[in-house]
Amino acid sequence: MSKQVRTRFAPSPTGYLHVGGLRTALFNYLYARHHGGSFVLRIEDTDQTRYVEGATEQLIESLKWAGLSYDEGPDVGGDYGPYVQSQRLGIYREHAEKLLASGDAYYCFCTPEELEAMRERQISRGEQPMYDGTCRSLTTEEVQKKLDEGIPHVIRLKMPREGETVVEDVIRGTVRFQNELVDDQILIKSDGFPTYHLANVVDDHLMEITHVIRGEEWLQSVPKHLQLYKAFGWEPPVMAHIPLLLNPDRSKLSKRQGDVSVEDYREKGYLPQALVNFVALLGWNPGTDEEFFTLEELVQQFSLERVHKAGAVFDINKLNWMNGHYIRQLSEDELVSFLTPFLEKAGADVSDAEKTRKIILAVYKKIERGIDVYDAASIFYKETLEVVEKEAVEILTQETTCTVLRNFLQKLDTVDTLSMDNFKELMKTVQQETGIKGPALWKPMRVALTGMVSGPELPAVIEIFGKEKVSRFIRQMVEEYC
RNA sequence: GCUCCCAUCGUCUAGAGGCCUAGGACUCCGGCCUUUCACGCCGGCAACGGGGGUUCGAGUCCCCCUGGGAGCGCCA
């Protein structure tokens with residue numbers, strides 16, 4: 001019987017949750033849930049210079065919004081805590097000392113300036129920039145003397161100078177690295193904090209993580225990690241490096257070229273189920289033509305074996321389509337509660353709940369994101385009418401248009417109020433009396449009322465407008481164009 | 001520059017040697033439905049980067065080239 005599966009998502013709290021991070025979290029979540037294991041959230045805040053107020057809370061909020069629940073984490077606890085690395089400093093120190101004692105790590109007193117100069121020299125010579133090992137040869141006495149003098153220092157990993165490290169990656173297969181080309185990675189910084197590499201390995205081991213699923217950008221540092229596992233005498237977890245999310249120009253997905261934070265998408269009116277579904281399909285697919293999945297279905301079908309190797313462009317266009325699909329899937333009540341805030345934020349008066357509801361139901365099929373709703377509904381919030389579309393003007397200047405509009409105006413006098421039903425009746429009468437039907441009948445009405453050739457279903461527009469507005473707009477059009 | 005990864009329509013992808021006349025989805029373009037507009041449905045455009053092998057047979061295996069990406073921090 002193999003071990004209980006345990007995966008983790010280990011973000012650095014430097015801002016918001018990146019969509020690439022969301023996908024990494026999702027794959028970890030899906031893998032753990034699929035195997036009945038545990039999913040852990042661990043905060044990797046070992047860089048004091050990058051501390052961002054409230055970032056952890058934001059991360060947790062975004063994860064919660066996406067529906068990715070974790071079994072252990074800073075806010076829910078667990079048997080392997082604490083789950084925030086800045087609260088585990090003693091543990092890293094202790095482990096670094098073990099490495100020092102066993103000879104797998106060494107003190108380094110080189111200054112940042114010296115290292116910078118070294119790097120420049122190497123680059124100018126066309127070499128791979130890496131630490132030259134100066135402090136490796138320091139004697140115990142020399143080291144002790146410098147420590148006693150209080151000279152700032154770091155602790156470095158002593159990578160073997162020969163041989164190779166072989167990585168068995170679930171997604172990439174066998175990858176080999178020449179040890180001599182792997183740098184003596186800093187494990188403990190001069191401020192006493194561990195670097196990612198040390199903290200990550202120590203925590204994954206102590207937290208009994210069985211599968212490390214993370215972005216491909218980490219593949220290159222796996223030999224360092226494997227060397228650490230070896231030095232500690234630990235069994236490394238299964239590795240799975242998933243392909244990167246790309247900008248349209250195929251560079252690594254970044255800000256500058258569009259929205260990258262989950263929060264951005266949430267604010268623009270993307271639904272969590274759409275974003276999750278979309279992102280799951282970037283680099284993974286079930287091998288069928290299915291493309292819509294609930295989180296539960298993803299859990300059932302997910303496997304690392306079906307994850308791709310190549311990077312995937314984050315195609316906002318397809319996300320929009322998928323989000324539109326999920327919006328159309330919403331119940332009427334869900335539509336109203338989801339979209340009303342977007343109308344309000346855009347400046348619409350939503351105090352009349354019944355009217356707002358009608359407006360939302362009239363336009364929801366035409367939008368792809370929450371933020372689109374105001375534009376789609378704008379005709380309902382204007383008290384004046386102005387025709388600018390070329391095609392709209394053409395329709396208004398057709399001969400039959402005036403006949404239709406004048407006739408409709410007459411019929412309008414016969415009713416007190418307008419509803420979807422009696423409007424259709426009126427239109428039928430207009431058709432019979434004028435002999436004009438189809439597009440020639442309806443399009444002039446649409447343009448005369450909305451100023452545009454495309455928009456919500458007309459009967460719905462009429463009912464929401466009410467008789468006064470309908471009458472006023474059509475009279476105006478007759479005056480201007482007939 | 002060095003190291004590593006990757007390579008099917010514009011994009012996401014199916015394809016684990018014959019089932020491929022290369023399938024699906026988004027976008028775009030037609031059409032149908034609708035007395036209007038959407039939604040929906042149907043159809044169309046569009047790809048195996050190049051060259052060598054291996055094999056009776058290669059999108060599928062191997063090699064080279066080309067192209068793209070990532071990494072090379074006292075950042076994660």
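Convention: sequence-line order gives letters A, B, ...; per-chain numbering from 1.
- Residue-level contact check: A:V363 touches neither bases nor backbone, having no heavy atom under 4.0 Å from any strand.
- If you walk RNA chain B from 5' to 3' and mark each nucleotide with an atom closer than 4.0 Å to a heavy atom of chain A, the marks span B:G1 to B:A76.
- Put simply, the side chain of A:N28 gets close to the backbone of A:I213: a donor and an acceptor are under 3.5 Å apart.
- The residue A:K437 sits close to a base: some heavy atom pair falls under 4.0 Å.
- Nucleic acid contact for A:L441: base, since at least one base atom lies under 4.0 Å from a heavy atom of the residue.
- Contacts of A:G283 with the nucleic acid, taken as non-hydrogen atoms under 4.0 Å apart, involve only primed sugar atoms and P, OP1 or OP2.
- Counting any heavy atom pair closer than 4.0 Å across all strands shown, A:L219 reaches sugar-phosphate atoms only and no base atom.
- Contacts of A:R119 with the nucleic acid, taken as non-hydrogen atoms under 4.0 Å apart, involve only primed sugar atoms and P, OP1 or OP2.
- A:R328 comes within 4.0 angstrom of the backbone, heavy atoms only, and of no base.
- With a 3.5 Å ceiling on both atom-pair distances, the Watson-Crick or G-U wobble partner of B:A7 is B:U66.
- Between the side chain of A:N422 and the backbone N or O of A:V415 there is no donor-acceptor pair closer than 3.5 Å.
- With a 4.5 Å cut-off on side-chain heavy atoms, A:L271 and A:L330 count as touching.
- Here the two rings, on A:Y92 and A:F193, have centers that are 6.0 Å apart or farther.
- Because its NZ or CZ atom is not both nearer than 6.0 Å to the ring centre of A:F9 and within 45° of the ring axis, A:R42 does not count as a cation-pi partner of that residue.
- Of the P atoms belonging to B:C74 and B:G10, the separation is 42 Å, rounded to the nearest Å.
- Here A:R50 lies in heavy-atom contact (under 4.0 Å) with a base.
- If you take atom C1' in B:G51 and the same atom in B:G67, they sit 14 Å apart, rounded to whole Å.
- Heavy-atom nearest nucleotides on RNA chain B were determined for A:P194 and for A:T288, and the one closer to the 5' end corresponds to A:T288.
- Across all strands shown, A:T14 has no heavy atoms under 4.0 Å from either base or sugar-phosphate atoms.
- Counting non-hydrogen atoms under 4.0 angstrom, A:Q431 reaches a base of the nucleic acid.
- Remark: aromatic rings of A:F408 and A:W442 are distant, center separation not under 6.0 Å.
- A:R214 comes within contact range of no nucleotide atom at all, as no heavy-atom separation falls under 4.0 Å.
- As judged by a 4.0 angstrom heavy-atom cut-off over every strand, A:E44 is placed among residues touching the sugar-phosphate backbone only.
- For the pair A:K268 and A:Y270, the cation does not sit on the ring face, since its NZ or CZ is not both under 6.0 Å from the ring centre and inside 45° of the axis.
- When heavy atoms are screened at a 4.0 angstrom cut-off, A:V154 is found touching base atoms of the nucleic acid.
- The aromatic ring centroids of A:F27 and A:W284 lie 6.0 Å or more from each other.
- Residue A:S251 is classed as a sugar-phosphate contact, given heavy-atom separations below 4.0 Å to backbone atoms only.
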